[in-house]
Amino acid sequence: MAGTVQFLMSSAGIGEDADHTHVMAICLFVTLLCACIVLGHLLEENRWMNESITALILGFCTGIIVLVTSKGSSSHILQFNEELFFIYLLPPIIFNAGFQVKKKQFFQNFVAIMLFGVVGVFISFAIISAGSSFVFPKLGLGKLLIQDYLALGTIFSATDSVCTLQVLSQDDTPLLYSLVFGEGVVNDATSVVLFRAVQKLTFDDFTSMEVLQMSGSFFYLFFSSTVLGIATGLLSAYIIKTLYFARHSTDREIAIMTLMAYLSYILAELLFLSGILTVFFCGIVMSHYTWHNVTESSRVTTKHAFATMSFIAETFIFLYVGMDALDLDKWKMTTTTVGQSFGLFSTLLVLILVGRAAFVFPLSALSNYMCKSANTKIGIRQQIIIWWAGLMRGAVSIALAFNQFTISGDAKNPEFAAAITTTIGVVLFSTVVFGMLTKPLIHWLLPPHLRSYISDTSDPPSPKDLNFINDFNVPLLLDSNQRGNSGFFSGIVSRHSSLGMLLAAPTSYIHDLWRSFDDSYMRPVFGGRGFVPYIPGSLTIAEEDEHHPSHF
């Protein structure tokens, strides 16, 4: 805990018991979380503000008050702890992203999302790392090592997928929402995996073999983490299907889903893999199999529980970032002048702009070439919005920066302190400025008459809406007959995937192959949609009348 609370308590004549100090600090932070939720709700319809910006501004104002009250000793009411970020805050955020990802849009635009989220990260990583290593020594950071510059490249290649949920609308711009949000969650996972790969390398004698080693380490972490997440998700589905907890207690099946999701993350960390990637794919698998093996009441509960935990974790992070911007210890430790600090900030901002433009426009053209459907074509106006909306940096960037440049929240040396303060400045500026201008930019570039809508009444308008449960009935892959003949997919035009083009086979063949495998081998073992029989009392009276009109 920060010494601020102890100072305030001693000034008020209150004892300095450590436990009481902790309780006081937590009480103040919970109060701030409540205030942030209320303000975010009041400003929800504002085209300039969103909940992330609200949390940052509230945290910044609180930091000023605490700083003045404590007479400049600290701006925190809680001290940063690396475990708090990586063990408790990031897992629910990433799991919820995978658990509630729009499977239909995600796999419909899978080629573009993977191009942006994986290939794009490497392009941005290379540009930011090379640019910072060239400019930073001239601005007073000559003691940074090559590993630090590579870490900066991964830190600022991670976009903020949470802000995109608040500035893009699934109803108004379904293609943009799918591309930017899908890219964001894949981008975050890829950045963390790449960051871990960079940390494992030694750069005393950097050669071309080191590059190959880093690439091999990246692919090993990526695929190993993915397999672990899928395996854990399938295990949870098998356990719930076999034991069928709902016959005894709905609480048990909710508990096993929650604990298995968190177990996947902890196992990955224990095995030195990427917990972020593992828990993301665990969420996708759980939404496809495990979630359909529980009762209706458990489905509603788990959906809202996971979304709530993710929302609180994100709000907590942005509140802390706002307060951490006024951490005088880090500012005092830096040896750079105001001009040099502004130069570092401007350099990183320009590199982020250039790095994102370097892959958004070329990869959009490549995606348009590979995917011929009109519904997946990315126009130049949409490319500009994708480029702009993905410039925001948030929770993952902050967590990686603290992991690389601090020990228990304190900078290791003046150069690292400058890197941390610059990172916080970039996150604050990008979230507030780029986040505030995204909605007006969409209204300017894509007025309502230029927007393409997907006529799919079953698809939910937003993950915040209760009706988005319908999206969980969508299979992971859809064949062309299902898309063309089913009313649920009547508004979607069939298209060729890149995999189908590479195999010189129709897209429907690949989809049919997966559906046949899923129906013949996966669902009989792991359950999924259609497995759970109706249980009287598991639904409300209105839901029973709707789903089972003959039941009395």
Are T232 and M260 packed together at the side-chain level, in the sense that at least one heavy-atom pair is separated by less than 4.5 angstrom? yes
Are the side chain of S430 and the backbone of V427 linked by a donor-acceptor contact shorter than 3.5 Å? yes
Any donor-acceptor N or O pair under 3.5 Å, side chains S298, T295: yes
How long is the gap from CG on L391 to CZ on F429, to the nearest 0.5 Å? 10.5 Å
Which heavy atom of V525 sits nearest a heavy atom of Y521, and at what distance? CG2-O, 3.3 Å
Among F306, Y265, F280, Y262, whose ring pair (Phe, Tyr, Trp, His ring centres under 6.0 Å) with F95 holds? F306
Taking N293 for its side chain and A237 for its backbone only, find out whether a donor-acceptor pair lies under 3.5 Å. yes
Is E296 salt-bridged to K303, cutoff N-O under 4.0 Å? no
Using modelled atom types and a 3.5 Å cut-off, is there a donor and acceptor pairing between side-chain atoms of S520 and backbone atoms of F517? no
Look at the side chain of N368 and the backbone N and O of S364, then say whether any donor-acceptor pair between them is shorter than 3.5 Å. yes
Report the C-alpha distance between K241 and Y289 in whole Å, list the side-chain angles of each, state the deciding distance to 0.1 Å, and finish with yes or no for side-chain contact (heavy atoms from CB on, under 4.5 Å). CA-CA 9 Å; K241 174 181 177 296; Y289 295 108; over 6 Å; no
Polar side-chain atom of Q383 near backbone of I378 as donor-acceptor pair, under 3.5 Å: yes
Roughly how far apart are L115 CG and N109 CG, rounded to 0.5 Å? 11.5 Å
Looking only at atom types and distance, does a side-chain atom of S224 sit under 3.5 Å from a main-chain N or O of Y220, one as donor and one as acceptor? yes
Do side-chain atoms of T190 reach the backbone of G117 as a donor and acceptor pair under 3.5 angstrom? yes
Given side chains that start at C-beta, do those of F318 and T431 come closer than 4.5 Å, heavy atoms only? yes
Evaluate the criterion side-chain contact (heavy atoms from CB on, under 4.5 Å) for residue pair I276 and L90; output intermediate values, then yes/no. CA-CA 8 Å; I276 299 298; L90 285 183; 3.9 Å; yes
Distance col, row L194:CG vs N187:CG, nearest 0.5 angstrom, shows 10.5 Å
Rounded to the nearest 0.5 Å, what separates atom OG1 in T423 from atom CZ in F405? 6.5 Å
dist T438:OG1 -> L176:CG (nearest 0.5 Å) comes out at 11.0 Å
Minimum side-chain heavy-atom gap I317-I93 below 4.5 Å: yes
Testing the basics here: between A268 and G275, what is the closest heavy-atom pair and its distance to 0.1 Å? CB-CA, 3.5 Å
Carefully, step by step, assess R393 and T159 under the rule side-chain contact (heavy atoms from CB on, under 4.5 Å). CA-CA 5 Å; R393 299 295 180 264; T159 61; 3.6 Å; yes
Quick one: are L437 and W388 in side-chain contact, heavy atoms under 4.5 Å? yes
Give the C-alpha distance, both sets of side-chain angles, the deciding distance and a yes or no for side-chain contact (heavy atoms from CB on, under 4.5 Å) between S157 and I128. CA-CA 8 Å; S157 295; I128 295 175; 4.1 Å; yes
Treating S225 as the side-chain partner and L221 as the backbone partner, does any N or O pair qualify as donor plus acceptor under 3.5 Å? yes
Heavy-atom nearest pair, S274 first then V192, reads OG-CG1, 4.0 Å
Are F316 and F29 close enough that their ring centers fall under 6.0 Å? yes
What one should report as the nearest heavy-atom pair of I127 and G355 is CD1-CA, 3.8 Å
Between L319 and A55, what is the shortest heavy-atom contact and its length? CD2-O, 3.4 Å
Can you measure from OG1 (T301) to CD1 (I254) and round to the nearest 0.5 angstrom? 4.0 Å
Is there a donor-acceptor contact under 3.5 Å from the side chain of T302 to the main chain of R299? yes
So W387 and F361, would you call those rings parallel, tilted or perpendicular, with 30° and 60° as cut-offs? tilted
Could you tell me whether the side chain of L235 reaches within less than 4.5 Å of the side chain of F526, counting heavy atoms only? no
Is there a donor-acceptor contact under 3.5 Å from the side chain of R356 to the main chain of I386? yes
Assess the side chains of T278 and S264: does a donor N or O sit below 3.5 Å from an acceptor N or O? no
Nearest heavy atoms of G153 and F125, plus distance in Å: C-CD1, 3.7 Å
